Amino acid sequence: MIVAGAGLSKARDPREAAEEACAHALGSAGRVDAALVFAGAGFDEDALRPLLDAVGEGLGSRAFCGASAHGVLAEGQELEGGGGVAVLA
């Protein structure tokens, strides 16, 4: 059986956003084999490394991929034009 969880964070700090989104996703999924991660356009290039490091730590896995985007969505919410991190794990 495939089990997945989604998490979303509106936090402006990249590490905090990644940690919060991962925690929400893991709360539903329980554990992670792989994940998709999307970061809102409000995070500049310098913010991406700490964000990605926090995702790996938060999920307990480096098996993830994703992209930056104008908007992110998860958990029935959509964030456009700013920060925000969405994780599907």
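Computed from a predicted structure; not experimentally measured. If you read the sequence from its start, that first residue is 1, and numbering goes on from there.
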**Close side-chain approach of C22 to V55, heavy-atom, < 4.5 Å** = yes
**Prompt:** Do C65 and L36 come close enough that some side-chain heavy atom pair is under 4.5 Å?
**Reply:** yes
Any idea which heavy atoms bring [X] and [Y] closest together, and the distance?
X	Y	value
A89	V32	CB-CG2, 3.6 Å
A11	E20	CB-OE1, 4.1 Å
A29	G5	CB-N, 3.6 Å
L73	E78	CB-CA, 4.1 Å
A54	E19	CB-CG, 4.3 Å

**Request:** Kindly determine whether V72 and V85 satisfy side chain to side chain contact (heavy atoms under 4.5 Å, CB included), including the steps that lead there.
**Result:** CA-CA 7 Å; V72 295; V85 174; over 6 Å; no
Supply the atom-to-atom distance [X] [atom1] to [Y] [atom2], rounded to the nearest 0.5 angstrom.
X	Y	atom1	atom2	answer
L8	L88	CG	CG	12.0 Å
R31	L59	CZ	CG	12.5 Å
S9	R15	OG	CZ	13.0 Å
H70	L79	NE2	CG	10.5 Å

**Item:** Test log, rule side chain to side chain contact (heavy atoms under 4.5 Å, CB included), inputs F64 and L52
**Value:** CA-CA 9 Å; F64 61 87; L52 294 174; 3.8 Å; yes
